Amino acid sequence: MIKVEKITKSFGELQVLKGIDLEVPDGKLYSIVGPSGAGKTTLLQIIGSLSQPDSGNVFIKNQNISVMKERQLADFRNRQIGFVFQFHYLLPEFSALENVCIPAFIAKVSKKEAEEKAREYLAFLGLSHRLNHKPNELSGGERQRVAVARALINNPSVILADEPSGNLDTKNREDLHELFFTLRDQFKQTLVIVTHDESFAAQSDCIIRMKDGLIEG
C-alpha cells in the first residue's frame, strides 16, 4: 500500500530525514513515535505529498507520487489520501455537513451524492444531530470527528493523522483512538498516525520509532 524508499529532507543546513525506508501494508494501523524534532511530521507530510523529499520515492497503491506533476498530484491527494491534523482546520463559516462535503466537491462529486455520503459518515460518527452546526458550536471532540468524516468522504486509500488527539481531553482522546481502530477493523482502512501517546501506539499493528531523522531498529 505505502512504500517509502531512501527519503531524505533538509531545511537549510539541517537534515531532518536521513534516508527513510518504510512499508505499510493494506488495512493496517501504524504509529510513528519519537521525540520532538525526530522528523515524524516531516515524514508524514512527504507520505501525504504535502511536502516533497530532496531525494527518494514514495509509492501509494504502486504509484510513484514523487514524480507526479502538480495537477496530477493534487488530484491523487484529493481522492486517495485523507488527512486528520491536531488542529481540525474546519472552515468556520461552513456547517459540519458543508465542511465534510468540500473534498467531494473538489473531486467533482454532485452536491446530492456528496451530501448523502457526508450524512452517512457523520451519522456513523454520532453527529447526525450536529449537521448544521458550525465549528464554533461544536465541542473539541465533535470538531475532530467532523475532520475524520471529511478525511473519509472520498473513500481514500490511506488516512494520515498528525497528533490528532493532541488537543483533546482524556475521554475524547480515547473515543478518537477507538474510532481509528474501528476504521481499520470495519472499513479495512490503512492508517499512519504520528502520536506521542504510547498507550495508543502500543495497540497499533506496528510502532515506527524515529530519532534524529532515522527509524530505529
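Scope of the values below: all heavy atoms of this structure, side chains included, with no hydrogens, waters or symmetry mates. Everything quoted here is computed from the prediction, not taken from an experiment.
- A ring pair (Phe, Tyr, Trp, His ring centres under 6.0 Å) check over residues 93-142, counting only residues at least two apart or in different chains, returns the pairs Phe124-Phe187.
- Under the 4.5 Å side-chain criterion, counting only non-hydrogen atoms from C-beta, Pro156 is not in contact with Gln80.
- Atoms CZ and CG, from Arg119 and Leu127 in turn, are 13.0 Å apart once rounded to the nearest 0.5 Å.
- In terms of the side-chain hydrogen bond (donor to acceptor under 3.5 Å, both in side chains) criterion, residue partners of Ser31 (sequence neighbours excluded) are, by chain and number, Ser204.
- Residues satisfying the salt bridge (charged side-chain N to carboxylate O under 4.0 Å, His left out) criterion with Lys3, sequence neighbours excluded, are Glu5.
- Taking Glu113 as the reference, Val109, Ser110, Lys117 meet the side chain to side chain contact (heavy atoms under 4.5 Å, CB included) condition, with sequence neighbours excluded.
- Residue pairs meeting the salt bridge (Lys or Arg N to Asp or Glu O under 4.0 Å) criterion with at least one member in residues 189-207, sequence neighbours excluded: Arg173-Asp197, Arg184-Asp205, Glu198-Arg209.
- A search for salt bridge (charged side-chain N to carboxylate O under 4.0 Å, His left out) contacts involving Asp26 returns nothing, not counting sequence neighbours.
- Checked against ring pair (Phe, Tyr, Trp, His ring centres under 6.0 Å), Phe76 has no partners two or more places apart in sequence or in another chain.
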Using distance only, find each side-chain donor-acceptor pair of residues 11-22 under 3.5 Å and give its atom names and separation, not counting sequence neighbours.
residue : atom : partner : partner atom : Å
Gln15   : NE2  : Leu17   : O            : 3.3
Lys18   : NZ   : Asp212  : O            : 3.1
Asp21   : OD1  : Lys6    : N            : 2.9

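- Every residue two or more places apart in sequence or in another chain was checked for a side-chain hydrogen bond (donor to acceptor under 3.5 Å, both in side chains) with Lys108, and none qualifies.
- With sequence neighbours excluded, no residue forms a salt bridge (charged side-chain N to carboxylate O under 4.0 Å, His left out) with Lys69.
- Ring orientation note: the planes of Tyr89 and Phe85 are nearly perpendicular, at an angle over 60° on the 30°/60° scale.
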For residues 36-43, run the donor-acceptor check on the side chains, cut-off 3.5 Å, and write out each pair with its distance to 0.1 Å, sequence neighbours left out.
residue : atom : partner : partner atom : Å
Lys40   : NZ   : Gly34   : O            : 3.0
Lys40   : NZ   : Pro35   : O            : 3.0
Thr41   : OG1  : Asp162  : OD1          : 3.3
Thr41   : OG1  : Asp162  : OD2          : 3.0

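- With sequence neighbours excluded, the residues that form a salt bridge (charged side-chain N to carboxylate O under 4.0 Å, His left out) with Arg130 are Glu142.
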